[in-house]
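These notes concern the structure reproduced below.
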Amino acid sequence: IVLIGVLEGVAEATAGLSKGYFGKLSDLQGKRLPFVQLGYLMSALSKPMMGLFVFPVWIFFARTLDRLGKGVRTGARDALLSDAATPQTKATVFGFHRALDTLGAAIGPLLALVFLAFYPGAYRTLFFLAFAPGLLGVLTTLWLKESKRAPTTKTTGRSFLGFIKYIPQSSPAYRKRIFGLLVFALFNSSDVFLLLMLKQQGTSDKDLIIIYIFYNLVYALLAYPAGVLADRIGLKKMLVTGLVFFVIVYLGMAYNASYYMYYLLFLLYGAYAACTEGVSKAMISMVCDPKDTATAIGTYEGLRSISALLASAIAGFLWVYASPSATFLATAIAVSGVIIYFVLLRFSTLNNSQSISP
């Protein structure tokens, strides 16, 4: 079990850092679509691999392929979305993407549960069936077109961790924004801890699944409207609103809410995700050169993945050596500090010609 945990951690860390590497590579080559297509193809291929064999090493390889696929496509895909948006519609575009992506994350498990209800134990068949929508998603990208851009002649920054050199070269606004976002990520542990808390309070496995699907549906339904509203009232206001929701949820979990209160907390948790996920990327894309968008977002996503691993380790330590309530209370206090940081931070675009409403 310890070995599996170590391997899983290494796989997640490598896949996380690959977001920065492939984001940088996308900018260096001046291409987006090939990275998007390859990334989604890798993730699609990992599904039938899970159904072929059950050897631990094979499962580890299949999962790593899936995570690496996400690393390959993330920076380029988000840069493609940013290129298709104007400064006034950044959050709307990213919010729309998060809405559809999360809707798929909610519908997928529901369909899997229905299938398993009719065919109990047919997990291998389920993995093979999951390959179909993945492949269909790859095929639809063949109809996409991207504007041509000349590849860079830079010879530096091509190493696996070369993307980190972008940070000192980036704008002060970019560095200030990702600092706050990464500090938040350092305390934003895995959703597993929320579910563990519910389990500890006696929630059944069936109810856990229903509550988590409920969260994803709320997230999916609110992500697009939240993006539209963020473009109207200001990205910072929407981000801070989402972080306030996050703090309320963690305080509620710390003080052992009732069963029905958990639904309210997960409603707010879905609202938090809708208010922050797309908005964070819109914030970053507003303060970087368009030719560096994949690097800027990939760097943030890569470092966020590492921060998330550390956050879960910290949460696990507090859970074991203090208490589950202490885990959520400490997180709520830390994120309250992040809220203050963003409230005091002045938002502006890269060229300062268009200020984002605070």
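Keep in mind that what you see is a predicted model, and the values were worked out from it rather than measured.
From K145, atom NZ reaches atom CG of L80 across 13.0 Å, with rounding to the nearest 0.5 Å.
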Report all side-chain donor-acceptor pairs from residues 209-219 shorter than 3.5 Å, counting only partners two or more places apart or in another chain.
from, atom 1, to, atom 2, distance (Å)
Y212, OH, D191, OD2, 3.1
N216, ND2, Y212, O, 3.1
Y219, OH, R98, NE, 3.1

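Of all the heavy atoms in A254 and S325, the pair that sits closest is O-OG, 2.9 Å. Residue L345 comes nearest to K236 through the heavy atom pair O-NZ, 2.7 Å, listed as atom of the first residue, atom of the second, then distance. Nearest heavy-atom pair, T293 versus D27, reported as atom, atom and distance to 0.1 Å: N-OD2, 3.8 Å. P87 and M286 make their closest contact through O-CE, 3.6 Å (heavy atoms, listed as atom of the first residue, atom of the second, distance).
Cation-pi geometry between R73 and F35 is not satisfied (NZ or CZ under 6.0 Å from the ring centre, within 45° of the ring normal). Cation-pi geometry between R177 and F347 is met: under 6.0 angstrom from the ring centre, within 45 degrees of the axis.
Taking the six-membered ring wherever Trp is involved, the centroid distance between the rings of Y269 and Y272 falls below 6.0 Å. Taking the six-membered ring where the residue is Trp, the centroids of Y21 and F163 are separated by 6.0 Å or more. Taking the six-membered ring wherever Trp is involved, the centroid distance between the rings of F266 and Y262 does not fall below 6.0 Å. Checked against the 6.0 Å centroid criterion, the rings of F115 and Y119 qualify as a close aromatic pair. For Y341 and F179, the gap between ring centers is short of 6.0 Å.
The aromatic rings of F61 and W58 sit tilted relative to each other, their planes meeting at an angle between 30° and 60°. Taking the six-membered ring for Trp and thresholds of 30 and 60 degrees, Y224 and F96 have ring planes more than 60 degrees apart, a perpendicular arrangement. Relative orientation of the Y166 and Y174 rings is perpendicular, given thresholds of 30° and 60° on the angle between their planes.
Defined by atom type and a distance below 3.5 Å, a donor-acceptor pair is present between the side-chain atoms of T86 and T89. Side-chain atoms of D207 and S204 form a donor-acceptor pair, as typed in the model, at a separation below 3.5 Å. Between the side chains of K90 and S82, a donor-acceptor pair is found at a separation under 3.5 Å. With 3.5 Å as the limit, one finds no donor-acceptor pair spanning the side chains of K70 and S43.
Clustering ILVMFWY residues whenever any of their side-chain heavy atoms sit less than 4.5 angstrom apart, transitively, puts F317 in a cluster other than the one holding I333.
By the salt bridge (charged side-chain N to carboxylate O under 4.0 Å, His left out) test, K281 is found to be paired with D78, E301, residues two or more places apart in sequence or in another chain being considered.
Salt bridge absent: K24 and D292 never bring a charged side-chain N and a carboxylate O closer than 4.0 Å.
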Working note: Y250 + F246, criterion ring pair (Phe, Tyr, Trp, His ring centres under 6.0 Å); need CA distance, chi angles, decisive distance, verdict. CA-CA 6 Å; Y250 270 64; F246 181 93; 4.3 Å; yes

